[in-house]
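Below: one structure, written as structure tokens.
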Amino acid sequence: MKVFDTNYKLLDEMYQDEYYPNFLVDKVKDELQKVINLLETGETDTEIIQKKLDEAICAINDLQEEFDENDSEIETVARDCIGETVGYILEWFGIPIDVEEAIRERDW
């Protein structure tokens with residue numbers, strides 16, 4: 001079983017930007033961490049992994065109102081950052097799912 005890259009800072013660009021409240025970026029990170037936790041078990045079934053990704057992305061979708069309430073939103077920088085992070089996770093674990101497919105449930 002492979003452990004995720006300890007040197008990679010999840011959502012670093014969002015954490016560096018004051019526009020995104022850290023406590024909300026933490027919530028996004030927590031959802032992506034659930035996917036990482038699954039992959040660290042050695043799971044390679046792309047259907048199971050995609051289901052976990054769909055759950056994570058739907059949970060991130062649900063945070064949009066909270067971002068709005070804090071004068072923020074999941075917009076271009078955040079979309080790119082989340083997409084790049086998901087892409088890195090999939091690449092790190094050698095999972096053959098396209099990033100656009102991986103985040104197909106997004107509504108941001």
Side-chain angles (χ1 to χ4, degrees):
M1 291 182 288
K2 189 173 186 177
V3 175
F4 187 63
D5 184 356
T6 55
N7 294 316
Y8 186 80
K9 294 183 172 107
L10 295 171
L11 307 172
D12 190 46
E13 190 173 2
M14 288 178 73
Y15 279 114
Q16 299 302 320
D17 191 331
E18 292 180 12
Y19 181 66
Y20 308 105
N22 281 350
F23 79 97
L24 289 174
V25 181
D26 288 343
K27 290 181 179 188
V28 174
K29 181 181 172 182
D30 290 345
E31 293 305 321
L32 296 179
Q33 187 62 52
K34 293 174 185 177
V35 175
I36 292 169
N37 293 346
L38 172 68
L39 294 170
E40 285 182 336
T41 69
E43 184 61 66
T44 58
D45 184 320
T46 55
E47 286 185 28
I48 292 171
I49 296 165
Q50 184 63 60
K51 183 174 186 287
K52 182 60 80 176
L53 285 161
D54 290 346
E55 290 169 5
I57 298 305
C58 287
I60 294 169
N61 290 345
D62 292 343
L63 295 172
Q64 288 185 100
E65 188 174 314
E66 203 169 346
F67 272 91
D68 288 340
E69 291 167 0
N70 287 276
D71 300 318
S72 185
E73 64 180 305
I74 301 175
E75 44 71 73
T76 306
V77 172
R79 283 193 297 266
D80 290 348
C81 183
I82 294 166
E84 288 171 16
T85 299
V86 168
Y88 187 88
I89 292 166
L90 294 172
E91 184 178 318
W92 179 263
F93 288 101
I95 305 301
I97 299 174
D98 178 73
V99 173
E100 288 301 313
E101 181 67 14
I103 59 175
R104 66 187 181 189
E105 291 295 329
R106 75 188 179 286
D107 61 12
W108 26 265

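Throughout, numbering of the chain's residues begins at 1 and tracks the sequence. Here the structure is a predicted model, which is why all the values come from computation and not from measurement.
Residues that satisfy the side chain to side chain contact (heavy atoms under 4.5 Å, CB included) test with Thr46, not counting sequence neighbours, are Ile95, Pro96, Ile97. Under the salt bridge (charged side-chain N to carboxylate O under 4.0 Å, His left out) criterion, Asp54 pairs with Arg104, not counting sequence neighbours. Under the rule for a salt bridge (charged side-chain N to carboxylate O under 4.0 Å, His left out), the partners of Glu100 that lie at least two apart in sequence or sit in another chain are Arg106. Taking Asn22 as the reference, nothing meets the side-chain hydrogen bond (donor to acceptor under 3.5 Å, both in side chains) condition, with sequence neighbours excluded. Remark: Asp17 pairs with Tyr19, Tyr20 by the side chain to side chain contact (heavy atoms under 4.5 Å, CB included) rule, at least two apart or across chains. Judged as a side chain to side chain contact (heavy atoms under 4.5 Å, CB included), and not counting sequence neighbours, Glu18 has no contacts. Under the side-chain hydrogen bond (donor to acceptor under 3.5 Å, both in side chains) criterion, Asp26 pairs with Tyr15, sequence neighbours left out. With sequence neighbours left out, Arg79 forms a side-chain hydrogen bond (donor to acceptor under 3.5 Å, both in side chains) with Thr76.
Lys2 contributes a side-chain N or O that, together with a main-chain N or O of Trp92, makes up a donor-acceptor pair within less than 3.5 Å.
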Problem set entry | Glu66 vs Asn70, side-chain hydrogen bond (donor to acceptor under 3.5 Å, both in side chains): CA-CA, chis, key distance, verdict | CA-CA 6 Å; Glu66 203 169 346; Asn70 287 276; 5.1 Å; no
Donor-acceptor pairs are to be reported for all side-chain atoms of residues 55-64 against protein atoms at under 3.5 Å, with residues two or more places apart or in another chain.
residue	atom	partner	partner atom	Å
Glu55	OE2	Lys51	NZ	3.1
Asn61	OD1	Asp107	N	3.2
Asn61	OD1	Trp108	NE1	2.7
Asn61	ND2	Glu105	O	2.8
Gln64	NE2	Asn61	O	3.3
Gln64	NE2	Asp107	OD1	2.6

Counting only pairs under 3.5 Å, give me each side-chain donor-acceptor contact of residues 3-11, with atom names and distances, residues two or more places apart or in other chains.
residue	atom	partner	partner atom	Å
Asp5	OD1	Asn7	N	2.9
Asp5	OD2	Tyr88	OH	2.4

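Applying the salt bridge (charged side-chain N to carboxylate O under 4.0 Å, His left out) test to every pair with at least one member in residues 29-46, sequence neighbours left out, gives these pairs: Glu31-Lys34. Among residues at least two apart or in separate chains, there is no salt bridge (charged side-chain N to carboxylate O under 4.0 Å, His left out) pair with a member in residues 80-91.
Hydrophobic clustering (ILVMFWY, side-chain heavy atoms < 4.5 Å, transitive): Leu38 and Met1 are in distinct clusters.
The environment of Glu69 atom CD is dense: over 12 non-hydrogen atoms of other residues, nucleotides or ligands sit within 6.0 angstrom.
Annotation: the span from Ile36 atom CD1 to Thr41 atom OG1 amounts to 12.5 Å, rounded to 0.5 Å.
In this structure, the side chains of Met14 and Ile82 come closer than 4.5 Å at one or more pairs of heavy atoms. Side-chain contact check for Leu53 versus Leu90: some heavy-atom pair is nearer than 4.5 Å.
Among all heavy-atom pairs drawn from Ala102 and Val86, the shortest one is CB-CG1, 3.8 Å.
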